[in-house]
Structures are given as C-alpha cells and as structure tokens.
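Structure, as structure tokens:
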Amino acid sequence: MDTAFWTATTIFLLAYAVIVSEKIHKTIVAVFGAGLMLVLKILHQHEAFHIEEFGIDWNVIFLLISMMVIINLMRPTGVFEYIAIKSAKWGKGEPFRIMAIFAVVTAVLSAFLDNVTTVLLITPVTLLIADALEVDPIPYLISCALASNIGGTATLIGDPPNIMIASKAQLNFMDFIYHLAPIVVVMMAFYIFAIKLIWGRKMNTKEELKKRIMAMDENEAIKDPVMLKKSLFVLAVVLTGFVFHGVLHFQPATIALFGAGLLLLLSKTHEPHRILAEVEWPTIFFFMGLFIIVGGVVKVGLIKWMSLQILDLTQGNLFATSMVIMWFSAFASAIVDNIPYVATMNPLVIDMAKHLWPNLSGIQLLQHPDLMPIWWSLALGACLGGNGSAIGASANVIVVGMSEKAGKRISFMKFMAYGMPIMIMTVIVSTIYVWLRYYVMKI
C-alpha cells in the first residue's frame with residue numbers, strides 16, 4: 001500500500017465524513033474531492049473522463065439530465081396537480097384514505113419518473129390538501145417520502161442507485177421489472193397496513209372540510225392541454241423505449257435524450273434557457289464528482305481490499321454475501337445518502353465477482369447467475385435503506401426542506417422514528433423474498 005493508496009483513501013473518507021455532517025453542501029465536497037484526485041494525479045484526466053472503470057458514468061449522467069428536462073417541460077401543464085386532486089377525491093375526503101391513495105400514487109409515479117422528481121411535484125399539493133382538511137401535513141409528507149423510496153425500487157429509472165447499478169451490471173429496464181417490481185407490490189401492501197397502524201386512528205376531520213375537497217375541480221389544474229398531450233405522447237415513447245432498449249440495443253440514456261430533444265422540439269419553445277436552468281445541476285455535478293472520487297479509490301486498490309474482506313467474512317457463501325450486502329447497505333444508506341454508497345459498492349461487487357470467477361469477463365461475469373441475487377440485494381438494501389433517516393435518500397432531503405419552507409419542520413429524530421421501523425420491515429420482507437426466490441426456488 002503506497003502513498004497514492006493512503007492519499008486516495010483519505011480524500012474518500014474525508015469526503016464521506018463531510019457529506020454526512022452536512023456542514024458543506026455535498027456537491028461542493030464532491031467537486032472539490034474530484035479536483036484533488038486529478039491535481040494529485042491519483043487519476044489522470046483521460047481516466048476520469050473517458051475510462052468507464054475509473055471515471056464518470058456518462059450513461060447515468062445523461063439519463064438523469066434528459067429525464068429532468070422531460071419533467072420540467074411537463075410540470076407547467078398541471079398534470080401532477082390534476083393527479084393529486086383526483087386522488088384526494090377518490091378518497092372521499094377521508095384523511096387516512098387520502099394518505100393511502102397518495103402513498104400508492106407516489107410509489108407508482110416514483111417507479112416511472114424517479115422518486116426525487118415525484119416528491120418535488122407531490123409535496124406542494126400534499127400541503128394544499130392537508131391545509132384544506134385542516135390536518136397535520138407532516139404524516140402525509142413523511143408517508144409520501146417513504147412511499148417514493150419503496151416505489152422507486154421497482155424500476156431501473158425509479159431511484160438513482162438503480163440507474164447506477166443497471167449501468168455497471170449492464171442490466172435492462174425489464175430486468176428490474178421482472179426481479180424487483182413483484183416484491184415492491186408486496187411491500188406496498190405491508191406499508192399501507194403499517195401506516196394505518198401508525199397514523200390511521202389519529203386522522204379525523206369535519207364533514208364540511210371533506211365537502212371542500214369533493215368540491216375541488218381537478219380539470220381547472222390543467223393549464224396547457226395541448227402541451228399535456230404532447231408530453232404524454234413523448235413520455236409513452238420513452239417508457240416504451242426503456243422496456244425494449246435491450247432488444248433495440250440502445251442505452252437508456254440514448255432513449256431519454258431522444259425523448260428530451262423531441263419534447264423540446266414539440267414544445268415550440270424558443271427559449272430553452274429556462275427549461276435547462278431548472279435541471280438539478282447541483283445533483284448532476286454531485287454525481288460526476290462522486291464518480292471520480294470512487295474511481296480514484298478503485299484505481300489504488302481500496303475497493304479490491306474491501307471486497308476481499310467481505311469474501312473472507314462470508315467464506316465465499318453467496319447467500320451469506322447477499323444478506324451481508326443487503327443489510328449493510330440498508331443501514332449504511334440510512335446514514336449516508338444512498339447515491340455515494342452505491343457508487344462505492346458497484347465496483348466492490350464487480351471486484352468480488354472477479355475473485356469468484358477469474359476466468360470470466362464482460363457480461364458473462366457481470367451477469368453470472370450466482371451474482372445476480374447480490375445485485376438485487378444491493379438494489380433493495382440501498383433503495384429501501386434510504387427510508388431509515390432524513391438524509392438517507394435525496395427524496396427525503398427534498399421533502400424535509402420543502403416542509404420546513406412551508407413552516408412545518410420535520411426533525412431528524414421525528415423522521416427516523418417513523419422511517420427506521422418501515423425500513424426494517426421492508427428489508428425483512430426483501431430478505432425472505434431473496435432467500436425464497438434465488439436460493440430455495442432458484443428462479
């Protein structure tokens with residue numbers, strides 16, 4: 001272990017520590033850490049920008065940017081406000097019924113739009129509905145944040161960790177639907193039952209307030225019907241492309257970028273500056289900086305050392321390895337944002353695979369039948385673990401921030417008091433699922 005090893009490891013650990021402390025914005029930490037890796041020549045520029053093993057994963061970056069552009073063009077149409085008001089009316093103005101419907105709607109939208117985008121759109125309307133019912137909005141907001149992380153687990157584009165795992169393991173959209181969507185449906189049933197126990201009895205409102213909800217006209221929320229039709233058409237094209245991208249031999253980023261360009265063209269906007277300015281550029285640069293920091297510790301051998309420690313701990317038992325990764329991922333993601341965590345774990349899983357099957361390479365190695373349960377365990381642990389605390393997932397951070405801006409502060413401990421039990425429950429369900437499906441029935 002030479003100087004480069006200890007320098008890269010120090011940068012990596014310090015970056016994580018400062019990100020967790022939230023003393024400095026995580027994007028600043030990631031960009032500065034990446035700059036240090038390059039200036040100190042732990043990584044060379046061509047490695048950081050051009051070599052996938054060490055550098056920026058451009059598939060992830062352009063998929064995120066393109067989906068953000070599509071959603072930014074859809075937002076002014078009012079479609080998301082329409083969905084929220086319609087959902088509240090389905091609930092007949094009953095506070096808990098509305099909470100359950102909002103949770104399901106949030107989970108479904110999170111699976112196909114991504115959980116960060118979903119909570120950005122749902123939170124303001126949730127505050128509006130809670131205000132109309134004169135009930136405490138905090139249970140609604142926490143419930144939506146938790147549901148977004150559960151729903152986002154179901155698909156490739158639902159949660160950033162899944163996008164990162166799919167890119168590294170060369171998995172397609174239908175792989176996630178086939179392997180993760182079934183258990184997410186089961187988890188949502190458990191989740192609705194759990195929130196009924198936690199909040200159900202405390203939610204009451206007056207009859208006249210229920211009538212106020214029923215009197216709302218969801219059609220008034222639609223501001224631009226023509227653009228809405230164009231947006232839904234393009235979104236359908238993009239989602240169809242995601243489903244068939246393996247057959248079409250296109251990366252998800254290619255399909256999303258085409259969709260973003262097509263919707264910009266159809267929108268007839270002559271000023272794309274506003275749409276592009278609304279892209280979450282701090283998040284994008286956070287990803288890029290993070291990829292370079294993790295690339296540095298991959299190059300110097302830290303990740304290889306960590307993978308050997310896990311294999312030594314589990315003695316090469318693949319079921320034990322799956323369980324260690326799932327539960328460690330869950331609790332680690334509750335402490336650290338699951339995005340940097342998965343950025344670290346992806347190369348670790350690949351390195352473990354190289355030790356287990358040294359004669360294989362490429363897709364044969366990445367998608368070895370015995371390795372697949374480990375990928376799914378990582379996805380489940382990281383996505384569901386985000387529910388464990390207010391900083392565990394980007395969606396949680398956004399909900400807490402928007403709630404505080406509206407004068408309804410959600411403390412770190414209050415979020416954890418509700419989120420941690422839900423996290424543990426869903427990971428227990430996932431443990432049983434992985435054991436039964438991949439190690440008992442082996443399907």
Side-chain angles (χ1 to χ4, degrees), residues 1 4-5 8 37 42-63 156 161-176 178-180 245-254 290-322 324-326 329 341-379 381-382 434 438-439 442-443:
M1 293 182 182
F5 176 91
M37 287 285 188
I42 291 161
L43 276 183
H44 296 290
Q45 185 173 305
H46 78 278
E47 292 173 318
F49 296 161
H50 300 294
I51 300 176
E52 188 177 328
E53 185 181 359
F54 300 133
I56 297 168
D57 191 328
W58 295 107
N59 184 50
V60 171
I61 297 301
F62 277 96
L63 177 56
L156 185 156
N162 282 1
I163 296 172
M164 298 163 77
I165 290 167
S167 187
K168 279 292 181 189
Q170 297 181 35
L171 298 167
N172 63 44
F173 190 85
M174 291 309 296
D175 288 331
F176 282 81
Y178 179 70
H179 290 276
L180 297 186
H245 80 89
V247 177
L248 298 170
H249 303 293
F250 289 135
Q251 290 287 351
T254 301
L290 207 56
F291 281 131
I292 293 172
I293 291 173
V294 172
V297 291
V298 169
K299 184 181 176 183
V300 299
L302 175 64
I303 300 299
K304 182 176 182 178
W305 178 82
M306 290 168 66
S307 68
L308 288 171
Q309 300 309 304
I310 290 180
L311 285 174
D312 189 51
L313 177 68
T314 60
Q315 298 294 307
N317 182 301
L318 292 171
F319 173 67
T321 304
S322 290
V324 166
I325 284 179
M326 184 189 293
S329 297
Y341 173 76
V342 170
T344 308
M345 288 300 291
N346 272 341
L348 189 147
V349 171
I350 293 169
D351 211 78
M352 281 197 322
K354 288 176 180 175
H355 283 95
L356 289 167
W357 303 287
N359 297 324
L360 298 179
S361 62
I363 201 161
Q364 287 183 316
L365 176 70
L366 295 172
Q367 296 185 13
H368 191 285
D370 292 336
L371 186 66
M372 295 312 295
I374 295 176
W375 285 123
W376 304 130
S377 296
L378 174 60
V434 168
Y438 303 111
Y439 295 99
K442 297 184 178 179
I443 56 173

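Side-chain N or O atoms of His368 include one that pairs as donor or acceptor with a backbone N or O of Asp370 at under 3.5 Å. Panel note: side chain Gln170, backbone Ser167; no donor-acceptor pair is recorded below 3.5 Å. At least one donor-acceptor pair under 3.5 Å links the side chain of Trp58 to the backbone N or O of Phe49. Proximity of a side-chain donor or acceptor of Ser322 to a complementary backbone N or O of Leu318 within less than 3.5 Å is detected. Checked by atom type and distance alone, the side chain of Lys299 never pairs as donor or acceptor with a backbone atom of Leu43 at under 3.5 Å. A donor-acceptor pair is defined here as one N or O able to donate and one able to accept, closer than 3.5 Å; no such pair exists between the side chain of Gln367 and the backbone of Met372.
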Check against side-chain contact (heavy atoms from CB on, under 4.5 Å), Asn346 and Trp375 | CA-CA 9 Å; Asn346 272 341; Trp375 285 123; 3.4 Å; yes

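At least one side-chain heavy atom of Ile325 sits under 4.5 Å from a side-chain heavy atom of Met352. Looking at heavy atoms from C-beta onward, Leu365 lies out of side-chain contact with Leu371 at the 4.5 angstrom threshold.
Note that CD of Gln315 is 10.0 Å distant from OG1 of Thr321, once rounded to the nearest 0.5 Å. We find the CD1-CG distance between Ile165 and Leu156 to be 9.5 Å, quoted to the nearest 0.5 Å. Interatomic distance, CG of Asp175 versus CH2 of Trp376, reported as 5.0 Å (0.5 Å rounding). Here the CD1-CZ distance, from Ile56 to Phe62, works out to 10.0 Å after rounding to the nearest 0.5 Å. Annotation: the span from Leu366 atom CG to Lys168 atom NZ amounts to 9.5 Å, rounded to 0.5 Å. Summarising the geometry, atom CG belonging to Asn162 is positioned 4.5 Å from atom CZ belonging to Phe176; distances are rounded to the nearest 0.5 Å.
Residue Phe319 qualifies as enclosed at atom CZ: its count of foreign heavy atoms under 6.0 Å is above 12. Within a 6.0 Å sphere centred on CD of Gln309, other residues, nucleotides and ligands contribute more than 12 heavy atoms.
Residues Met37 and Ile293 come closest through the heavy atom pair CE-O, 3.4 Å. Listed here is the closest heavy atom pair of Pro252 and Leu63: O-CD1, 3.9 Å. The two residues Phe5 and Gly301 make their nearest non-hydrogen contact at CE1-C, 3.9 Å. When all heavy atoms are compared, the tightest approach of Asn172 to Met174 is OD1-N, 3.1 Å. Considering all non-hydrogen atoms of both residues, Pro161 and Val342 come closest at CB-CG2, 3.6 Å.
Looking at Tyr438 and Ser377, their side chains never bring a donor and an acceptor atom within 3.5 Å of each other.
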